[in-house]
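Presented below is the structure to which this report refers.
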There are 2 protein chains.
Amino acid sequence: MVANSDEMRRAAPRRQRTAREHGGTALDAPTTDDGQAGERRQEILEVAAQLFAEHGYRSTSIRDIADRVGMLPGSLYYHIRSKEALFVEIHDKALDAAAIRVRDAIEPLADPWDRLLAACEEMVEIQLNPGSLTLPIMNIFRSVPPEVKVALLRKRDEFETIFRLIVEDLPLPAELDRSIYRILLLRLLNTADEWYHEGRLTRREIAGQIVAIFRHDAARGETQA
Amino acid sequence: MVANSDEMRRAAPRRQRTAREHGGTALDAPTTDDGQAGERRQEILEVAAQLFAEHGYRSTSIRDIADRVGMLPGSLYYHIRSKEALFVEIHDKALDAAAIRVRDAIEPLADPWDRLLAACEEMVEIQLNPGSLTLPIMNIFRSVPPEVKVALLRKRDEFETIFRLIVEDLPLPAELDRSIYRILLLRLLNTADEWYHEGRLTRREIAGQIVAIFRHDAARGETQA
DNA sequence: CCTACCGATCGGTAGG
DNA sequence: CCTACCGATCGGTAGG
C-alpha cells in the first residue's frame, strides 16, 4: 500500500546512516530513557517476544511486530531504537525475570536434589508458559547477527551461574563431569518449548522426569529417592 | 552492481509465478532428475549444508551459497529447484546418512547399554564433524517456512525410530517414561553442535558422559558399570 | 504515532 | 553457467 511510484523519486537527498551518531550504539535499548512511553512499550516487548520465540530473530520482521501491535512499521521506531536493541532488551529482561523466579523457588530449600527439582520445575514452567516476558527466546542464536550474539552470551553466562551453584552442591558420582552435566541440563530446560508436546505428562511431571534422569548419588548403590 | 536504473524498466512484461506448474512442487528437489550435473551439485549441497548449519535457513541466502561455490546467484537455479527444495534435500540426505551410520554402529552389539553408547558416540561424531553431508542441520526449525517444516518432520520421525528401538530394550526403572527419555536424549544429541565447546573432553568422552547420566538400571541399587 | 519514502537485499526467472 | 533483470520485502528515516 506504500511507495510504489517511481515518478515521485525526485532527486532524493542522499542520507547516510548518521543516526544516533550522538553516542550510544544500536544495541542501547530505549529511545526515551525514562519510563515515559511505558505501557505501549511493554505491549511491544511482549508481542515481539512471542514472535521472536515462535519464528526466530530473522524471520520476525518489524512489520510483523507492528501489525500485531496495531501500528505502522515506522511508528515502532518511536518506541524502539532498532530491531537488534529490541531483541537484546527482551532477552535480557526475560533472563532477569527467570533468574528471580528460580532463585525464589530454590531459596527455602536445603536438600541439593530438592533444589535441583525446584529449579527444573520453575524453568520448565517459564519456558512453556508464553506469559508476558518470561519466554523461550533463550535459544535463538543461529539467526542473530554476530554483534547481538556477544551481548546475549554475556547475559546468558550470568544467568547460568545459578545452575552452576546448584550443580556444585549435588552429591554426584566422581565419574560425572559437573560442567557437562550443567550444560546438558540447561540445554534441555532452555529448549523445553522445542521438544515439549502438550500431552499425557504435566509440566511438573516433565521436570520430575528430567531430574529422575539426572539424579545420581555418589554413595554407590543408590539411585532414586 | 545490478539493476539500479529506473529508465530501463520499460513496460516490464507481467510475469506471474507460473513456474513448475507442470507437475511437482517447489519441494521436489533436483532440476535434472538423473545424476547428470552430479559433481557440481554435490558441492552445492555441501556448501549449503554448512551455511544452513551455521546461520539457519532464513539467514542463509542463495547469494551466500552461490558466492562460496563460485557462481552467480541465478546460476544456482540450474542445479536446484528452489531454496526450500535444496534445504529439504540436504536435510533428508543427512538423516539418511546418519541412520546408516548409527545402525552400522549398533548392529554388532548385543548389550542394550553398549548399543546406546555406540549410538550416542556416533551421533556426537556426526553432529560435531562438519564433514560432507552428515551435518548439524537437524535442528533448524524455527526459521523454516511452515510447508518445509512438515516435510522435515516426517523424515525426522523416521530417523528417530532407531532410537525408539534402542530405548525400548533398555532395562530402565519403571518410574522413567521411555518416551520422554528418548526425546530428551535425542534433543541433546541433535543439538550437540550448539552446546559443545572444543575443550578438555573428547567427543567420545562427551558421549560417555551423556550415557553416564542417562544410565539407570531397573535392578534397584545399581547405577553405573 | 502517521505519511511517505529509501537503499539494500531477497528468491527467483527469461533468454542466451 | 552468465547477463540482466523483477517484484517483494526488509530495517530504518525525515518531517510532521
Side-chain angles (χ1 to χ4, degrees), chain A residues 1-21 26-27 31-32 36-37 39-41 43-44 48 51 55-67 69-87 143-145 148, chain B residues 1-21 26-27 31-32 36-37 39-41 43-44 48 51 55-67 69-87 143-145 148:
Chain A
M1 46 163 80
V2 221
N4 216 349
S5 52
D6 293 348
E7 311 82 25
M8 299 189 69
R9 207 182 296 171
R10 56 250 154 145
R14 239 97 253 282
R15 292 173 295 97
Q16 324 103 295
R17 21 197 88 244
T18 57
R20 288 186 305 285
E21 228 53 85
L27 262 59
T31 298
T32 52
Q36 188 203 356
E39 210 167 313
R40 204 79 169 111
R41 195 149 193 291
E43 195 192 340
I44 293 172
L51 291 172
H55 305 292
Y57 178 78
R58 195 65 185 270
S59 301
T60 301
S61 71
I62 285 294
R63 281 159 177 84
D64 293 337
I65 299 167
D67 272 3
V69 101
M71 283 182 196
L72 290 181
S75 307
L76 263 189
Y77 287 86
Y78 173 72
H79 300 280
I80 69 168
R81 201 184 273 281
S82 68
K83 187 187 178 187
E84 298 189 356
L86 173 63
F87 185 77
S143 65
V144 142
V148 175
Chain B
M1 46 163 82
V2 221
N4 215 353
S5 53
D6 294 347
E7 312 81 26
M8 299 189 69
R9 208 182 295 171
R10 55 263 151 137
R14 239 96 254 283
R15 291 174 295 96
Q16 322 103 296
R17 22 197 86 245
T18 57
R20 287 185 307 284
E21 227 54 84
L27 263 59
T31 298
T32 53
Q36 186 202 356
E39 210 167 313
R40 204 79 169 109
R41 194 149 194 290
E43 196 191 340
I44 292 171
L51 290 172
H55 305 291
Y57 178 78
R58 194 65 185 271
S59 301
T60 301
S61 72
I62 286 294
R63 281 161 177 83
D64 292 337
I65 300 167
D67 271 4
V69 100
M71 284 182 195
L72 290 182
S75 307
L76 262 189
Y77 287 86
Y78 172 74
H79 300 280
I80 68 168
R81 198 183 274 281
S82 68
K83 187 187 178 186
E84 298 188 355
L86 173 63
F87 185 77
S143 64
V144 142
V148 175

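Not measured: the values here are computed from a predicted model. In what follows, chains carry the letters A, B, and so on, assigned in the order in which the sequence lines appear, proteins first and then strands, with residues in each chain numbered from 1.
Distance, A:Tyr57 OH to D:dC10 P: 13 Å, rounded to whole Å. The nearest whole Å value for the distance from the CG atom in B:Leu76 to the C1' atom in D:dA4 is 17 Å. To the nearest angstrom, P of C:dC10 lies 9 Å from NZ of B:Lys83. Put simply, CZ on A:Arg58 is 8 Å from P on D:dG11, counting in whole angstrom units. Here D:dT13 presents its C1' atom at 16 Å from NE2 of A:His79, a figure rounded to the nearest Å. Rounded to a whole Å, the OH atom of B:Tyr78 is 18 Å from the C1' atom of C:dG12.
Expressed to the nearest 0.5 Å, how far OH of B:Tyr78 lies from CZ of B:Arg40 amounts to 12.0 Å. Between the CD1 atom of B:Ile80 and the CD1 atom of B:Ile62 there is a distance of 4.0 Å, given to the nearest 0.5 Å. Here A:Ile44 contributes atom CD1 and A:Ile65 contributes atom CD1; the two are 9.0 Å apart, rounded to the nearest 0.5 Å. Between the CG atom in B:Leu76 and the NZ atom in B:Lys83 there is a gap of 11.5 Å [rounded to 0.5 Å]. Atom-to-atom distance recorded for B:Leu86:CG and B:Arg81:CZ is 12.5 Å, nearest 0.5 angstrom.
Among C:dG12, C:dC1, D:dT13, the nucleotide with an atom closest to any side-chain atom of B:Ser82 is C:dG12. When distances run from any side-chain atom of B:Leu72 to the nucleotides D:dC2, C:dC2, C:dC1, the shortest one goes to D:dC2. Checked against D:dC1, D:dC10, C:dC1, the side chain of B:Met71 finds its nearest nucleotide in D:dC1.
Pair assignment for D:dG11: C:dC6, on the basis of Watson-Crick or G-U wobble contacts that are both within less than 3.5 Å.
At least one side-chain nitrogen or oxygen of A:Tyr77 sits closer than 4.0 Å to the OP1 or OP2 atom of D:dG12.
A:Tyr77 approaches A:Ser82 most closely through the heavy-atom pair CE2-CA, 4.1 Å.
For the segment residues 60-67 of chain A, residues with any heavy atom less than 4.0 angstrom from an atom of DNA chain D are, sorted by number, A:Thr60, A:Ser61, A:Ile62, A:Arg63.
Defined by atom type and a distance below 3.5 Å, a donor-acceptor pair is present between the side-chain atoms of A:Arg58 and B:Ser59.
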